[in-house]
Amino acid sequence: MTEFDVAVIGAGPAGLAASIEAARRGCRVLLMDSNLRPGGQLVKQIHKFFGSKEHRAGTRGIDIAVGLHREALEAGVVFWPDTSVYGVFPGGALGAVRGMLGGEPRGVVVRASTLILATGASENAVNFPGWTLPGVMGAGAAQTMINVERVLPGRKVLMVGSGNVGLIVSYQLMQAGADVEAVVEALPRVGGYGVHAAKISRAGVPILTSHTVLRAFGETEITGAEIARIDESWTPVPGTSRRVDADLICIAAGLRPYARLAMLAGCRMTYSSALGGWLPLHDRAMRTSVPGVYVAGDVGGVEEASTALEEGRIAGISASERLGMIGAADAARDREEAEARLSSLRMGPFGRPRYDAKEAIYEEGANACPRP
Amino acid sequence: MDDELIVCRCEEVTAGEIRRAIRDGARDLSAVKRRTRAGMGLCQGRTCESLVVRLLCKELGLRAGDVAPASPRPPVVPVPFGAIGDPDEADH
Amino acid sequence: MPSTLTTFGYPSLDELRSSPGYPARERAEKGPVAVIECVQEIPCNPCETACPRGAIRVGIPITNLPALDADKCTGCGVCIPKCPGLAIFALDMTYSATEAALSFPHEYLPLPRPGDVVVAVDRGGKAVCASRVLRVSDRPANDRTAVVTIAIPKEHADRVRGIARRSEGNDIG
């Protein structure tokens, strides 16, 4: 058995930031991730990030991950890569298996009085005839293949979904040498940032709003897809269907919080469509309904890397407060700085709906999430 | 979603089988899972959960927020059974 | 609110001209100037600190659209590789009697070389005209966003925003 003050699950921007803040305040922190490299989704983000200086704006995601990892090690965080946490048990013990990716898998039980869940999100699926054929995959999976594994999964791509993931992965597939035949979007408007859409438009990629994929063609692997215009009730408009040749169909249909460990920990759940679905209820200090259990990043509502980073900082501060490493006044002051930056990230036409949704969660969580 | 369309890839469960389960009385993800095995495979519903929710909503006239998430059971990720637990505590 | 940008994925000239980052035609005629094509309020401000002359203002909140002070701007192009959205260009309408010089960010390999004749494209990726590559800047400070400058006929200065991507010979494997 291994004991720490704080166990952090998930080494993406939220988990790294939480670990750094807790370790800098004197907590003994264990950070675990199922991947070999820390950074979560940052490791495959080869584009420059938005935000402000505090969020390392203008820096590529992968470089932000490298910087956060260095800060975590300097702060004294113990990092366990290749560690799959499979359960949270009564009393707060964590069951984990190390070495799933390399070496001999071996079990370990971790005990920590404080738990920070930064488990991220899952990609949503879309099913249509042919969706189980080789050549159909999540956009996030394709991004891992090109940017982490350096394997090009296809040369002619149909992207389904025009949120930021769909737009960014389309761009990066072209950088990796593929052609993107089209991006189809069921809604009548482009989902992601206009600047991301403009980048791929300049490269000649048509973004087809009010369009959907009807089926994938192919026997043993995909050879193309049938797409069509759809009306307001999502019904295909007769006479608009056409074939697109493709050897890769990427699904970018949004993300939802990956909250299974939070549910095992007994966290009360709440639903928010603006934040991706069911998520552990939490307050402004990232406390859940279970004393000593905190959330940060996409697991508490799908947003962006920069917001995940700030939520991680807040969770790390709150954990330190609970462990008596800092007083309540200091904790409140430190959190306020991060909260102000969070609010500035939740403005504008894209941020405002998330701001409103988060405020509703905080309000609901204020009474349900006990303070230390 | 046509009846023959696969919804759960891991367990090869079709939309028709899930619709039948709902018409037979399944009202949530767990009930669909128990009747059809949808969500019981390697990925534990990580892929098909949102698709099953869509079918439940359509068949029962619900909104996505009305369908509670499936209760997870450890192990929530695929790990070898032999590695579960703590070797140091095996004798206790 | 539907717009060309949200319907097709790229902004129309009208959308751009009504944004605070797009320089007036009269200013562009006088000499090199930055062209900021950022028309959605997203939380982002690296362009503000990128400009050594303080010609770009975002302010607080950081979702403000970047405003270009075209009198302070010299069109040096330092801001081009600093914009995470690759949405800043530089235009020199005084390059020659008949040609304008357009600088834009470019992140596809292989990079073009000075002297190459390449296909200039518009915001929707449509071929507009042939163009001549004048300069390619790939300095370490650009952090792997190259800035390419091409010469184009002046009449296309408002339309051209890049060059056709080469789809052969740029595989990662």
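Just so it is clear: chains get the letters A, B, ... in the order the sequence lines come, proteins before strands, and each one is counted from 1. Keep in mind it's a predicted model, so treat the numbers as computed, not measured.
Note on A/Thr270, A/Thr132, A/Leu261, A/Leu264: by heavy-atom pairs under 4.5 Å with chain B, the leading option is A/Leu264. Ranked by heavy-atom pairs under 4.5 Å with chain A, the first of B/Ala64, B/Ser71, B/Pro80 is B/Ala64. Top candidate by heavy-atom pairs under 4.5 Å with chain B, chosen from A/Val88, A/Val85, A/Asn124, A/Asn127, is A/Asn127. Between chain A and the residues B/Thr47, B/Asp2, B/Val53, the largest count of heavy-atom pairs under 4.5 Å involves B/Thr47.
Neither the backbone nor the side chain of B/Ala15 has a heavy atom closer than 4.5 Å to any heavy atom of chain A. Proximity to chain B is limited to the backbone of A/Phe128, based on heavy atoms less than 4.5 angstrom apart. Residue contact with chain A, scored on non-hydrogen atoms closer than 4.5 Å, involves the backbone and the side chain of B/Val7 alike. With a threshold of 4.5 angstrom between heavy atoms, A/Tyr271 approaches chain B through side-chain atoms but not through N, CA, C or O. Neither the backbone nor the side chain of A/Arg98 comes within contact range of chain B; no heavy atoms are under 4.5 Å apart. Heavy-atom distances place the side chain of B/Leu51, and not its backbone, under 4.5 Å from chain A. Neither the backbone nor the side chain of B/Glu4 comes within contact range of chain A, judged by heavy atoms closer than 4.5 Å.
When every heavy atom of A/Leu279 is checked against every heavy atom of A/Pro257, the shortest pair comes out as CB-CG, 4.0 Å. The two residues A/Ala216 and A/Ile249 have their closest heavy-atom pair at CB-CD1, 3.8 Å. Contact between A/Ala142 and A/Cys250 at its shortest, heavy atoms only, is CB-SG, 3.7 Å.
Heavy atoms from other residues, nucleotides or ligands lying under 6.0 Å from CZ of B/Arg35 number more than 12. Residue-environment remark: CD (B/Glu12) stays at or below the threshold of 12 foreign heavy atoms within 6.0 Å.
For the side chain to side chain donor-acceptor pair (under 3.5 Å) criterion with B/Arg19, the lone passing option out of B/Asp24, B/Thr14, B/Asp3 is B/Asp3.
Here the side chain of A/Asp356 pairs no donor or acceptor atom with the backbone of A/Pro353 at under 3.5 angstrom.
The shortest distance between side-chain heavy atoms of A/Val302 and A/Leu275 does not fall below 4.5 Å.
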